[in-house]
Structure formats: structure tokens, C-alpha cells
Trainee: 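Would you mind keeping the following structure in view while I ask a few things?
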Amino acid sequence: YSVILLRPFRNQVMDTVVTLASDENGFFTKVGPLMIFVSRHNMPDDISFNPIAGDCWVSEDEKVEIREGSLVRVRIIGLNFDAGNMSAIGTIKETYLGQLE
């Protein structure tokens, strides 16, 4: 038998893929079966939602552009386990977190 196991824990740093960035409240990322929501309050202050640029989060200097399909490094700050479903709250408001090049 082969088993692929994902057991996330609080404060774990994960490299994820953005699945939905079309909301001004934050964006969703996914790694395996785990869906992670990153609120605008858990992002650096210089990043803001820009619907004109195609539903994405952009930094003031335009070096960071988080949109659907972007690779993002996230720290998990909260977890929720329901029957057959995992979800988490994440942050990119720390050094070395955020969009990966």
C-alpha cells in the first residue's frame, strides 16, 4: 500500500498555489486537500487588491503580484478539521513569506 499523508500543524510554513484571488477580503491557496485563506489583515500593509489589473493583489512597488496560479509561501496560523474536510487561516505578513519567484 502507498499513502500520501498531509497533517498540517500551526505555525507550519507551506508553499501553496493560489486558487482564488478575486475578493477584496483576501485570497485562497491550496496544497493537497488543504484550503488556506489569507485575509487582507494577514498581508503586508503595502499589498492591496487591484481588480483593474485582473483580480489580483499587488504591492505598491508592483514587484509582488498575487493572482490565480501564483506560488505563495504561507504560514498557517489556524486550523479547522471537519469530517472529511480541512481548512486553515494563513499569513504572509512575515519575512520570507509571500509570492515565490
Side-chain angles (χ1 to χ4, degrees):
Y1 292 94
S2 295
V3 177
I4 298 176
L5 180 68
L6 176 66
R7 175 72 170 119
F9 54 89
R10 197 167 175 207
N11 292 321
Q12 181 175 1
V13 175
M14 304 181 101
D15 294 344
T16 64
V17 177
V18 176
T19 56
L20 182 66
S22 61
D23 188 351
E24 61 186 27
N25 294 318
F27 61 88
F28 287 91
T29 67
K30 192 166 187 174
V31 58
L34 177 65
M35 186 68 80
I36 304 169
F37 176 69
V38 179
S39 168
R40 65 179 175 180
H41 303 291
N42 293 325
M43 295 183 213
D45 294 331
D46 71 328
I47 294 180
S48 61
F49 184 67
N50 187 350
I52 298 168
D55 289 342
C56 63
W57 290 85
V58 181
S59 63
E60 289 176 358
D61 60 4
E62 297 184 357
K63 289 185 178 180
V64 174
E65 187 176 283
I66 299 172
R67 62 175 62 241
E68 188 174 328
S70 296
L71 297 177
V72 178
R73 183 166 288 153
V74 175
R75 178 181 303 277
I76 295 175
I77 58 175
L79 287 164
N80 185 22
F81 296 99
D82 291 330
N85 190 18
M86 289 189 297
S87 60
I89 303 294
T91 183
I92 60 170
K93 199 174 185 174
E94 297 175 17
T95 307
Y96 305 113
L97 299 181
Q99 185 178 22
L100 300 174
E101 295 182 22

Trainee: Minimum heavy-atom separation for Asp55 and Ser22, please, with both atom names.
Mentor: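 Smallest interatomic distance, heavy atoms only, reads OD2-CB, 3.5 Å.
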
Trainee: Quick check for you: to the nearest 0.5 Å, what is the distance between Asp46 atom CG and Glu62 atom CD?
Mentor: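 Taking CG in Asp46 and CD in Glu62, the distance rounds to 11.5 Å.
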
Trainee: Any chance you could pull the hydrophobic cluster mates of Val58, using side-chain heavy atoms under 4.5 angstrom and chaining through other members?
Mentor: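 Under the 4.5 Å side-chain rule, Val58 groups with nothing.
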
Trainee: Once rounded to the nearest 0.5 Å, what's the spacing between atom CG of Asn80 and atom CG of Asn85?
Mentor: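 One gets 7.5 Å once the value is rounded to the nearest 0.5 Å.
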
Trainee: Could you tell me which non-hydrogen atom of Lys30 sits nearest to which non-hydrogen atom of Thr19, and how far apart they are?
Mentor: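 Heavy atoms of Lys30 and Thr19 come nearest at CB-CG2, 3.6 Å.
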
Trainee: What's in the same ILVMFWY side-chain cluster as Leu6, cut-off under 4.5 Å, chained through other members?
Mentor: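 Besides Leu6, the cluster holds Val13, Met14, Val18, Phe27, Val31, Leu34, Ile36, Val38, Met43, Ile47, Phe49, Trp57, Val64, Ile66, Val72, Val74, Ile76, Leu79, Phe81, Met86, Ile92, Leu97.
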
Trainee: Hey, what do you get for CG (Asn42) to CD1 (Ile77), rounding to the nearest 0.5 Å?
Mentor: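 Result: 4.0 Å between the selected atoms.
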
Trainee: Which heavy-atom pair separates Pro8 from Gln12 by the least distance, and what is that distance?
Mentor: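 Result for this residue pair: CA-OE1, 3.2 Å.
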
Trainee: Mind checking side chain to side chain contact (heavy atoms under 4.5 Å, CB included) for Ser48 and listing every partner two or more places apart, or none if nothing turns up?
Mentor: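 Side chain to side chain contact (heavy atoms under 4.5 Å, CB included) list for Ser48, sorted by chain: empty.
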
Trainee: Applying salt bridge (charged side-chain N to carboxylate O under 4.0 Å, His left out), which residue pairs with at least one partner in residues 82-100 are found, sequence neighbours left out?
Mentor: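 Sorted result for residues 82-100: Asp45-Lys93, Arg75-Glu94.
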
Trainee: Applying salt bridge (charged side-chain N to carboxylate O under 4.0 Å, His left out), name anything that partners Asp15, two or more places apart in sequence or on another chain.
Mentor: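 Asp15 satisfies salt bridge (charged side-chain N to carboxylate O under 4.0 Å, His left out) with Arg73 once adjacent residues are dropped.
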
Trainee: If you take all heavy atoms of Glu24 and Arg40, which pair is closest and at what distance?
Mentor: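 Looking at all heavy atoms of both residues, the closest pair is O-CD, 3.6 Å.
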
Trainee: Output all residues satisfying side chain to side chain contact (heavy atoms under 4.5 Å, CB included) with Glu68, sequence neighbours left out; order by chain, then residue number.
Mentor: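 Residues passing side chain to side chain contact (heavy atoms under 4.5 Å, CB included) with Glu68: none at all.
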
Trainee: For the CG atom of Leu20 and the CZ atom of Phe37, what is their distance to the nearest 0.5 Å?
Mentor: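 With rounding to 0.5 Å, CG (Leu20) is 9.5 Å from CZ (Phe37).
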
